[in-house]
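Predicted model, so just to flag it, every value in this text is computed and none were measured.
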Amino acid sequence: MTQSPELVTTPTLDVFRDPASVAVVGASADPAKWGYWLARGALTGRDRRDVYLVNRGGGTLLGAPAHRSLTDLPGVPELVALCVPPAAVGAVVDEALTLGVRGFLGITAGVPDEDAIADRIRAAGARLVGMNSLGLVDTSTDLQLAWGGFTAGHIAIVSQSGQLGSEIAGLAARAGMGVSRFVSIGNRTDVTAVELLDDLAGDDRTRVVALYLESFSGGAALIRAITRLRDAGKHTLLLTVGESAASTRLARSHTGSMTSVLDVVDAAARAAGAVRVHTPGQIVQVAQLLLASGVPAGPRIGIVGDSGGQTGIAADVAARAGLDVAEFSAPTTARLARLLPAGAACANPVDLAGAGEQDLTNYLTLVTELLDSDETDSVLLTGYFGSYAVDNPALAGRETALVAQMAAAARRTGTPLVVHSMVAAGPTIEAMRAHGVPVYPSIETAVDALAVATRLAAPARPLPAPTAPAADLTGTGYLAAQEFLRPVGVRFPAARIVHSPTDTAATAAAATDLTPPYVLKASWLEHKSEAGGVQVGIADVDALHAAFTAVHARLGDGDYVVEEMDGRPDVVEVILGVRRDPDLGPVVLVGAGGTEAELYRDVALEMAPVDHATAHRMLRRLTAHRLLCGWRGRPAVDVDALADLVVAVSERAAAAPAITEVEINPLRVGPDGVLAVDALVVRGPQTTPTHPEEYRA
């Protein structure tokens, strides 16, 4: 559905949070039907609001009177839930709009003329959640219009898949958590994810937002909305699908073919201060930590347990997850040694070496020591703790009392404490949950929750407005790319243009003006090496003429470029590119370059444009960063100049909405500066946003 910006309005969404009255149209007494569950849920809030059940048969449903139509109701409902057959939806909506209904929840799928119905709803100043929604819930206002039951809590769920959102709610309930708000957005025919996220920013009960999207229309607005949630103290855990090459099949640059859907989503999440997770279970695991302990200040983890095997495994798992299991300083190690038996491991991970069994208080002493340390950002207790109360009930009181003291120490220090216990249930596990200590049944889930939460410590990165002047591409090929990139400081080798090997005078003049060895390029080819359109290391004018004749015989007429070959020593080849994602916008990529760029895929990606600090962080993420800094006696290259170009090219491309791909590969970085020896800029068709979400901030 196409909609012009001036038609888009954003009335308050309070009708979907706490309506004064609700009508369920299509209410039923059959538990196999949606009308039953919506009616049943709506009736749970009748102490707070008027609830009307509408069914063409009338009579009584679920102990409440049923009315044959909306016009038969004693009052005008603020919110109408639509669970009638698809063909009937339009007529019910028109009837409701005539009465002055403000909000609609569209459960029905496959509605004819769905977009036209939404247009009529908006024109009347009303709003629609759905169509094809699984429902909505607000536990603080006793609003339940969804299949199933929901436990109250602090997780808000906004999901394009209702069933998946319901799974998240169920997993949270089993883990002792609950939902503040649940909205299944379905087809997003009217109300968008951006609006619902903005509406959550002011909800005091919501502390974690679980967001599932299958598409990202209006991605820039989505990034801003998630950033506003972050600014309001609410962390967003993003779940999506798309680990495929579908979005890159038409990419013409190496940059485009090396960036997947999820690479771009991850970059958008980082810019917004959110994090992408992989499963509903992972959402719940991370939410448990965030609600109990908050975000670790950094990646440094202290590990303690009463088993060398378990602490060693924990250290390995943590290191693989990207956490820093650094050896403690000598003073810290000495303090720990005084608390432990001789021979205990004190360096990190810390092995109590049986001291926990000798005296349970040693668990508290060691955990508190690590929580108080300025060398840890989080503490992981792994192993048998939690099992004492199960295996020896006489110890239950002692073990649960220690939990209370550990929790108090974690609150006092502000350092998250996470527990992996060998038992999944028992008095101590219940005590941990009651005192806000996240506890997990496996070391993998405990460490994974910590690692994901630690990534949330990075601040959101508001995307700067491009400062480069708006530009467009004139022409195609290497020469046009040079014209596009030179104004922002990209340097190319000295070169001359020649057209035909029969023009020996032009070839000789090019050789005279330039310093050998030479490079000959068919400038119009996008991938010159693959097509045999580039010859390097040409020694003199005779060799240049011979190479030109051979290449021309294969490729025919065109603009050929003769340029000086970059022979500087100690050069590192880098790829630098920008790709414009159709939904989320421009992303900049930098990585190991050359003809093997796609083989190694050593790249870093961020939303464009980037600032200098972000550009340097991208370079540090590369395995090839060690080459940039000097490797095995080689000098370091000009990393600052490279970072400057990452910034400049990202701004140039971001300021040019018609440009879909930019690539410089290889970009040769040496100790004395940066030189681009091939480049590609692709202009795509102009597009107009087709979803109202794209216009909403």
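Scanning for side chain to side chain donor-acceptor pair (under 3.5 Å) contacts around S161 gives an empty result, with sequence neighbours left out. For the side chain to side chain donor-acceptor pair (under 3.5 Å) test, no residue two or more places apart in sequence or in another chain qualifies with T512. D570 is linked by a side chain to side chain donor-acceptor pair (under 3.5 Å) to nothing, counting only residues two or more places apart in sequence or in another chain. With sequence neighbours left out, the side chain to side chain donor-acceptor pair (under 3.5 Å) criterion links H499 to D559.
Screening L323, D324, I301, V275 for a side-chain contact (heavy atoms from CB on, under 4.5 Å) involving T454 leaves a single residue, L323. Of the residues L576, V649, L605, the one that meets the side-chain contact (heavy atoms from CB on, under 4.5 Å) test with V588 is L576. Each of L514, V677, T515, V519 was evaluated against M565; a single residue qualifies, V519, per the side-chain contact (heavy atoms from CB on, under 4.5 Å) test.
R621 is listed as a side-chain neighbour of E606, based on a closest heavy-atom distance under 4.5 Å. Using a 4.5 Å heavy-atom cutoff, the side chains of L667 and L645 are in contact. Looking at heavy atoms from C-beta onward, L213 lies in side-chain contact with I185 at the 4.5 angstrom threshold. For the pair H616/D640, a side-chain contact is recorded, criterion being any heavy-atom separation below 4.5 Å from C-beta on. Here the side chains of F216 and L238 are in contact, with some heavy-atom distance below 4.5 Å. Under the 4.5 Å side-chain criterion, counting only non-hydrogen atoms from C-beta, N348 is not in contact with T376. Contact of the I575 side chain with the V590 side chain is not registered, since no non-hydrogen atoms from C-beta on lie closer than 4.5 Å. Between R486 and R491 there is no side-chain heavy-atom pair separated by less than 4.5 Å.
Under a 3.5 Å cut-off, the side chain of N665 and the backbone N or O of G594 do form a donor-acceptor pair. A side-chain donor-acceptor contact under 3.5 Å links D602 to the backbone of A624. Judged purely by atom type and a 3.5 angstrom limit, E195 uses its side chain to pair as donor or acceptor with the backbone of T192. One N or O on the side chain of R652 and one on the backbone of F484 form a donor-acceptor pair closer than 3.5 Å. Not one N or O on the side chain of D190 forms a donor-acceptor pair closer than 3.5 Å with the backbone of A118. A donor-acceptor pair under 3.5 Å is formed between the side chain of R580 and the backbone N or O of I659. At least one donor-acceptor pair under 3.5 Å links the side chain of D377 to the backbone N or O of R300. For the pair R276 (side chain) and D263 (backbone), a donor-acceptor distance under 3.5 Å is absent. Between the side chain of Y518 and the backbone N or O of A511 there is at least one donor-acceptor pair closer than 3.5 Å. Using modelled atom types, no side-chain atom of S159 and backbone atom of L164 make a donor-acceptor pair closer than 3.5 Å.
No donor-acceptor contact under 3.5 angstrom links the side chains of Y478 and E483, judged on distance only. In summary, the side chains of D448 and T445 do not present any donor paired with an acceptor at a separation below 3.5 Å, with no hydrogens or angles considered. Checking T189 against E114 by side-chain atom types alone, a donor-acceptor pair falls below 3.5 Å. In this structure, a donor-acceptor pair under 3.5 Å is absent between the side chains of R230 and T227. S215 and R188 share a donor-acceptor pair across their side chains, judged by distance under 3.5 Å alone. Using modelled atom types and a 3.5 Å distance limit, the side chains of S329 and E375 yield a donor-acceptor pair.
Atom CD1 of I303 is separated from atom CG of D316 by 9.0 Å, given to the nearest 0.5 angstrom. Interatomic distance, L544 CG to I538 CD1, rounded to the nearest 0.5 Å: 5.0 Å. Interatomic distance, E564 CD to R496 CZ, rounded to the nearest 0.5 Å: 8.5 Å. With rounding to the nearest 0.5 angstrom, the OG atom of S442 is 7.0 Å from the CD atom of Q285. Between L628 atom CG and R620 atom CZ the span is 12.0 Å, to the nearest 0.5 Å. Note that the CD atom of Q160 and the CG atom of N132 stand 10.0 Å from one another [nearest 0.5 Å].
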Practice item. Would you check, one step at a time, whether the test side chain to side chain contact (heavy atoms under 4.5 Å, CB included) holds for E651 with V488? Key: CA-CA 9 Å; E651 289 188 338; V488 293; over 6 Å; no

Check your understanding: Is there a side chain to side chain contact (heavy atoms under 4.5 Å, CB included) between V674 and D644 once you walk through the steps?
Key -> CA-CA 10 Å; V674 186; D644 288 343; over 6 Å; no

Review point. So E661 and R579, salt bridge (charged side-chain N to carboxylate O under 4.0 Å, His left out) or not? Walk me through it.
Key: CA-CA 5 Å; E661 296 178 60; R579 171 195 168 199; over 6 Å; no

Point to revise | Intermediate values then yes/no, side-chain hydrogen bond (donor to acceptor under 3.5 Å, both in side chains), D611 and T614 | key: CA-CA 5 Å; D611 56 21; T614 304; 2.6 Å; yes

Practice item. Walk me through it: do V662 and V682 pass the test side chain to side chain contact (heavy atoms under 4.5 Å, CB included)? Key: CA-CA 6 Å; V662 175; V682 178; over 6 Å; no

Point to revise | Working for side chain to side chain contact (heavy atoms under 4.5 Å, CB included), residues V534 and D678 | key: CA-CA 10 Å; V534 58; D678 200 5; over 6 Å; no

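When all heavy atoms of S650 and V578 are compared, the pair lying nearest together is CA-CG2, 4.1 Å. Between A314 and L380, the shortest heavy-atom distance links the atoms CB-CD2, 4.1 Å. A676 and I664 make their closest contact through CB-CG2, 3.3 Å (heavy atoms, listed as atom of the first residue, atom of the second, distance). Annotation for A315 and V325: closest pair O-CG2, 3.8 Å, computed over non-hydrogen atoms. When all heavy atoms of A615 and A643 are compared, the closest pair comes out as CB-O, 3.9 Å. Of all the heavy atoms in L290 and A453, the pair that sits closest is CD2-CB, 4.0 Å.
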Donor-acceptor list for residues 630-637 side chains, cut-off 3.5 Å, not counting sequence neighbours:
| residue | atom | partner | partner atom | Å |
| --- | --- | --- | --- | --- |
| R634 | NH2 | V571 | O | 3.4 |

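Residues in residues 540-598 take part in these ring-ring contact (aromatic ring centres under 6.0 Å, His included) pairs, two or more places apart or across chains: W524-Y560, F548-Y560.
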